[in-house]
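Remarks on the structure that follows.
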Amino acid sequence: MRRFAVFLTIAALAACKGSGNKAEQYRTEKVDRGTVTMTVTATGTLSAVTTVQIGSQVSGVIARLYADFNSRVTKGQLLAELDPTPFQQQVEQRQADVAKSRIQAANARISYDRQLRLVKAGLAPQADLDSARAAYEEANAQVAQSNASLNQSLTSLKYTKIISPIEGVVVDRQYDVGQTVAASFSAPTLFSIAQDMTKMQVQADVDQSDIGRIAVGQTARFTVDSYPDQEFRGRIAQIRLNATVSQNVVTYPVIIEVGNPDEKLRPKMTANVTIDVAMVQDVLRIPNAALRFKPDIAATGGKPATTASSGTAKPPETATTSTQTAATSGGPTPEQRSRWRDRQNGQTSTMSAEERAARWGNRTRGVEGAAGGLGAPQAQRRRPQTVYILGADNKLKAVEIRTGITDGHYTQVVSGDLNVGDNIIVGLATSKVDSNPPPGSSGPMGGGQRPGGGGRGGR
């Protein structure tokens, strides 16, 4: 008797489900007109347009500092000074070498003149005159060499004074008074000066799949964490070719110029950049979910859907499952079983062209995808796609359309038999009746523990 009651209840639920309104099985949205903007997002870092790193060409100990963090400096201003004592001693030594070389040159000139008179008088051989001439010329060369060494020492002494080459703001300082600066193969950085904080730039790393849509002169907007409610705007000034590869991800640096009159933006801030690469206004648009919806054969009454553009029968865009194949042909063939296993494993090598088109859709890649952001005619780039609307008789109606750009939520409709206000299907409506209760839960006829302690193994 209890089994009969269970079967009766199941039959009643199935009858209620079968007699439901077909319109309630689908989720629909209205086709409307509006603006569709295609964007590219990236992350970048703020910096000044010109940042100069000031170093030291000589080694020594920091004796004095005349600038600190955030100090505003002018061109030619003294920033720091190294201990000049050892360099001053070198200058004095080179000055003594110059004086010595000049004395030796004067003595060589006297010897040369003497030998010249003796040769003219016939009292000395020509070889002695030649030797005196060589000694005199060598002494003159030694004077020039001593002067060069003196100039080098004077230059090193001048380098002990660190001078600002530009006007700007000190954004970084690496050394304190008393620290030793070691200038060996490269000059150590003492200060970093930003030339003009009212003009900043963002270096955004754009993925290689989006770089084809970026062009110089486009408008970019971004936000920073310090001012999350304020949006800053700039202009793309440069697209650099020095790509960066990180974990097989290729990105290209895009330079965005932005004004900073109130100096809210600071160096090293992280910017969340959005670049508008294409925009169309007052166009017919549909939700992206409508492009992903594919009905099964049962929803169309066991017949192929009819397209609104041609009125001819069109084969369904979704591959039939093994259960549907078994119902129509008496059981799946070995080839159908192999295709079903490949679809479960994500393989498409054995799928037919219709099955691949139904699963992956009509995707535009490569140069065609890049052309989409630059405003090329959509009808020449995109293949037709099929969407479904719900007619006045609550039946599915397939409509073939060509799409344009998308903003991630809505897609532009370039051509097709769609009108504003049509109920386009975006998915299936879920129902709680369709879900089976888990084992052991209390259902309409009680699948759980029976009253009176009838459960097994009460512990």
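Each salt bridge (Lys or Arg N to Asp or Glu O under 4.0 Å) pair with one or both residues in residues 188-208, not counting sequence neighbours, would appear here, but there are none. For residues 263-276, the side-chain hydrogen bond (donor to acceptor under 3.5 Å, both in side chains) pairs, not counting sequence neighbours, are R72-E263, R221-D276, Q230-K264.
Without hydrogens or angle criteria, Q218 side chain to A278 main chain gives no donor-acceptor distance under 3.5 Å. Judged by distance alone, with hydrogens and angles left aside, the side-chain atoms of T223 form no donor-acceptor pair with the main-chain N or O of E231 at under 3.5 Å. Judged by distance alone, with hydrogens and angles left aside, the side-chain atoms of D407 form a donor-acceptor pair with the main-chain N or O of H409 at under 3.5 Å. A donor-acceptor pair under 3.5 Å is formed between the side chain of N151 and the backbone N or O of N147. The main-chain N or O of S149 is found under 3.5 Å from a side-chain atom of S153 such that the two form a donor-acceptor pair.
Residues Q174 and D172 bring a donor and an acceptor atom of their side chains to less than 3.5 Å of each other.
Between Y26 and L396 the shortest side-chain heavy-atom distance falls below 4.5 Å. Two residues are said to be in side-chain contact when any heavy atoms from C-beta on lie closer than 4.5 Å; S71 and V170 meet this criterion. You'll find the side chain of D83 stays beyond 4.5 Å of the side chain of T160, heavy atoms only. For the pair V61 and L82, the minimum side-chain heavy-atom distance is 4.5 Å or more. Using a 4.5 Å heavy-atom cutoff, the side chains of T403 and V414 are not in contact. Proximity of V399 to Y388: side-chain heavy atoms (C-beta onward) are nowhere separated by under 4.5 Å. Counting heavy atoms from C-beta on, the side chains of Y66 and L78 come closer than 4.5 Å. Under the 4.5 Å side-chain criterion, counting only non-hydrogen atoms from C-beta, I239 is in contact with V216.
In this view, N260 satisfies the side chain to side chain donor-acceptor pair (under 3.5 Å) rule with no residue, not counting sequence neighbours. A search for ring-ring contact (aromatic ring centres under 6.0 Å, His included) contacts involving F232 returns F222, not counting sequence neighbours. Listed by chain and residue number, R173, Q179 satisfy the side-chain contact (heavy atoms from CB on, under 4.5 Å) test with D176 (two or more places apart in sequence, or in another chain). Residues passing the salt bridge (charged side-chain N to carboxylate O under 4.0 Å, His left out) test with E81, sequence neighbours excluded: R64, K161. Under the side-chain contact (heavy atoms from CB on, under 4.5 Å) criterion, A289 pairs with R292, V426, sequence neighbours left out. Every side chain to side chain donor-acceptor pair (under 3.5 Å) that D282 has, sequence neighbours left out, goes to R33. A search for side-chain contact (heavy atoms from CB on, under 4.5 Å) contacts involving Q57 returns Y159, not counting sequence neighbours. Judged as a side-chain contact (heavy atoms from CB on, under 4.5 Å), and not counting sequence neighbours, the contacts of Q238 are R240, I255.
Considering all non-hydrogen atoms of both residues, G55 and I162 come closest at O-CD1, 4.1 Å. Between A243 and Y252, the shortest heavy-atom distance links the atoms CB-CE2, 3.5 Å. Residues G404 and T411 share a closest heavy-atom pair of O-CG2, 4.2 Å. When all heavy atoms of A290 and I424 are compared, the closest pair comes out as CB-CD1, 3.5 Å. Closest of all the heavy-atom pairs between M197 and P267 is CE-CD, 3.6 Å. For G416 against I401, the heavy-atom pair with the smallest separation is CA-CG2, 4.0 Å.
Heavy atoms from other residues, nucleotides or ligands lying under 6.0 Å from CG of D68 number more than 12. In N242, the CG atom is crowded: over 12 heavy atoms of neighbouring residues, nucleotides or ligands sit closer than 6.0 Å.
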> Is there a side-chain contact (heavy atoms from CB on, under 4.5 Å) between V420 and L284 once you walk through the steps?
Replying inline: CA-CA 7 Å; V420 176; L284 201 66; 3.6 Å; yes
>> Let's go through N419 and V31 carefully: what are the C-alpha distance in whole Å and the side-chain angles of both, what is the deciding distance for side-chain contact (heavy atoms from CB on, under 4.5 Å) to 0.1 Å, and is it a yes or a no?
In response: CA-CA 7 Å; N419 299 312; V31 179; over 6 Å; no
> What do the steps show when you test L154 against K158 for side-chain contact (heavy atoms from CB on, under 4.5 Å), and what is the final call?
Replying inline: CA-CA 6 Å; L154 291 173; K158 183 180 67 175; over 6 Å; no
>> Determine whether L418 and I389 satisfy the following criterion, side-chain contact (heavy atoms from CB on, under 4.5 Å), listing intermediate values before the conclusion.
In response: CA-CA 9 Å; L418 279 182; I389 62 175; 3.7 Å; yes
>> One pair to check against salt bridge (charged side-chain N to carboxylate O under 4.0 Å, His left out): E167 and K75. What are the steps and the verdict?
In response: CA-CA 5 Å; E167 180 180 355; K75 184 177 180 180; over 6 Å; no
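Separation of atoms CD1 (I425) and CD (E29) is listed at 12.0 Å; rounding is to 0.5 Å. The CD1 atom of I54 sits 4.5 Å away from the OG atom of S164 when rounded to the nearest 0.5 Å. The CG atom of D422 sits 11.0 Å away from atom CG of D32, with the distance rounded to the nearest 0.5 Å. Taken from CZ in R285 to CD1 in I405, the straight-line distance is 11.5 Å, to the nearest 0.5 Å. Put simply, CG on N288 and CD1 on I286 are 7.5 Å apart, with the number rounded to the nearest 0.5 Å. How far CD1 of I256 is from CD of Q203: 10.0 Å, rounded to the nearest 0.5 Å.
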Output side-chain donor-acceptor pairs under 3.5 Å for residues 188-195, partner residues at least two apart or in another chain, one line each.
residue : atom : partner : partner atom : Å
Q195    : OE1  : T50     : OG1          : 3.4

Considering only distance and modelled atom types, tabulate donor-acceptor pairs under 3.5 Å from the side chains of residues 37-48, sequence neighbours left out.
none

